[in-house]
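In what follows, chains are A, B, ... by sequence order, proteins preceding strands, each numbered from 1.
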Amino acid sequence: MKIQEKLNLLYKLLDNFYGDLKWWPAETPFEVCVGAILTQNTNWTNVEKAIKNLKEKNLLTYKKLIEIDTEQLKRLIKPAGFYNQKAERIKIFCDFVDKKLDGDILSLKKFSIEDAREMLLSLKGVGKETADSILLYALDFKIFVVDAYTMRLFKRYGVGDYDNYDKCQDFVHKNFRGDLYEYKNFHACIVELCKSYCKKKPLCNFCILKKYCNKNIE
DNA sequence: AGCCAGGCCTGCC
DNA sequence: GGCAGGCATGGC
């Protein structure tokens, strides 16, 4: 089977297994952005606590987050870890929304995907995965989000051995026949699958899928 | 008790 | 342009 077919089949398997994971779990595009920064190298359950703290005080707008004292912001997002860096990154991001986007993150939709990505990447604290998560889940740009899970999974399934974000993303862009929703759910399924993957458990989701996969592919 | 989580920046080379 | 080291909390 061709690699391209294998990649598309992988998504079908995941979609059959998990269905619509309804990513990103957030009420507004702005919340997606804040969540994307907070979740950097951090368990999502910890991020939820931080988001909850912000919501309880009605602080989840760029204006409120610009106004708030940085030390107080640090206390509120503390559960998400790396709170010193993340507080600064959130401040920088909100400043960007205020000064460059006229207060509306959706203004980025006026730009080409390349330009919008460039603008996000220029912000300190926004790397490729964070930028792409914002582009895909907050702005509905059709771009594939790569992470460590993705490259690991692709290697294990034998659809390519990538150790490089751009090359892996490029591979998906060229070979995955999915619409916007499927781009969103593909990444979500990969994360969901890999989170539950454990070497010690013989019948974790990964193994079940792999068996299913082997049976139906080869 | 130790390892990991939905990364990114800096400072080296 | 690649790569270690630092950042910090909470769950298992």
ask   = Of A:R89 and A:N46, whose closest DNA chain C nucleotide lies nearer the 5' terminus?
value = A:R89

task = Could you tell me the separation between the OH atom of A:Y165 and the P atom of C:dG2, rounded to a whole number of Å?
result = 16 Å

task = May I have the distance from A:N41 (atom CG) to B:dC9 (atom P), rounded to whole angstrom?
result = 13 Å

task = Validate the cation-pi geometry between A:K109 and A:F141: distance from NZ or CZ to the six-membered ring centre under 6.0 Å, angle to the ring axis within 45°.
result = yes

inquiry  = Can you see if the side chain of A:K195 gets near the phosphate of C:dG11 - specifically, an N or O under 4.0 Å from OP1 or OP2?
reply    = no

remark   = In whole angstroms, the gap separating C1' of C:dC7 from NZ of A:K74 amounts to 12 Å

ask   = Quick one: the side chain of A:Q85 and the base of C:dC7, do they pair up donor-acceptor inside 3.5 Å?
value = yes

query = When rounded to the nearest Å, what value does the distance between P atoms of C:dA8 and B:dA1 take?
reply = 24 Å

inquiry  = What's the closest nucleotide to the side chain of A:K124 if the choices are C:dG11, B:dC8, B:dT10?
reply    = B:dT10

request  = Determine the contact category for A:K49: base if any of its heavy atoms lies under 4.0 Å from a base atom, sugar-phosphate if only primed atoms, P, OP1 or OP2 are that close, otherwise nothing.
outcome  = sugar-phosphate

task = Remember a base hit wins even if backbone is also touched, and classify A:V145 as base, sugar-phosphate or nothing at under 4.0 Å, heavy atoms.
result = nothing

task = Would you mind telling me which residue lines up with the more 5' stretch of DNA chain B, A:V191 or A:V126, judged by nearest nucleotide?
result = A:V191

query = Is the gap between the ring centers of A:F171 and A:F176 under 6.0 Å?
reply = no

request  = Kindly compute the distance separating CD1 (A:I113) from CG (A:L139), expressed to the nearest 0.5 Å.
outcome  = 9.5 Å

key: N or O in side chain of A:T42 less than 4.0 angstrom from C:dG10 OP1/OP2   = no

ask   = What nucleic acid atoms does A:L38 come within less than 4.0 Å of, heavy atoms only: base, sugar-phosphate, or nothing?
value = nothing

query = Of the nucleotides C:dG2, B:dG7, C:dG10, which one has an atom closest to the side chain of A:E129?
reply = B:dG7

query = A:R152 has an atom CZ; how far is it from atom C1' of B:dA5, in whole Å?
reply = 11 Å

inquiry  = Between C1' on B:dG7 and CG on A:L123, what's the gap in Å once rounded to a whole number?
reply    = 15 Å

Distance test, side-chain N/O of A:N84 to OP1/OP2 of C:dA8, below 4.0 Å = yes

request  = Hey, can you tell me if A:F186 and A:F154 have their rings parallel, tilted or perpendicular (30° and 60° cut-offs)?
outcome  = tilted

task = Check every atom of B:dC8, B:dA5, C:dG2 against the side chain of A:Y149 and return the nucleotide holding the closest atom.
result = B:dA5

inquiry  = Between C1' on C:dG2 and CG on A:D166, what's the gap in Å once rounded to a whole number?
reply    = 14 Å

request  = Sort out the partner of C:dA8 for me: Watson-Crick or G-U wobble, both distances under 3.5 Å, none otherwise.
outcome  = none

ask   = A:Q40 side chain: which of B:dC8, C:dG2, C:dG10 is closest?
value = B:dC8

task = Return no unless some side-chain N or O of A:Y83 is found under 4.0 Å from OP1 or OP2 of C:dT9.
result = yes

inquiry  = Can a side-chain donor-acceptor contact be found between A:N84 and A:K74 if the only test is distance below 3.5 angstrom?
reply    = yes

task = Taking all heavy atoms of A:D20 and all of A:K22, pick out the closest pair and write down the distance.
result = OD1-N, 2.8 Å

query = Expressed in angstrom and rounded to an integer, what is the separation of A:K91 atom NZ from B:dC8 atom P?
reply = 22 Å

remark   = With the side chain defined as heavy atoms from C-beta on, A:F82 is closest, among C:dA8, B:dC9, B:dA5, to C:dA8

request  = Take atom NZ of A:K86 and atom C1' of B:dG7, then tell me their distance rounded to the nearest Å.
outcome  = 8 Å

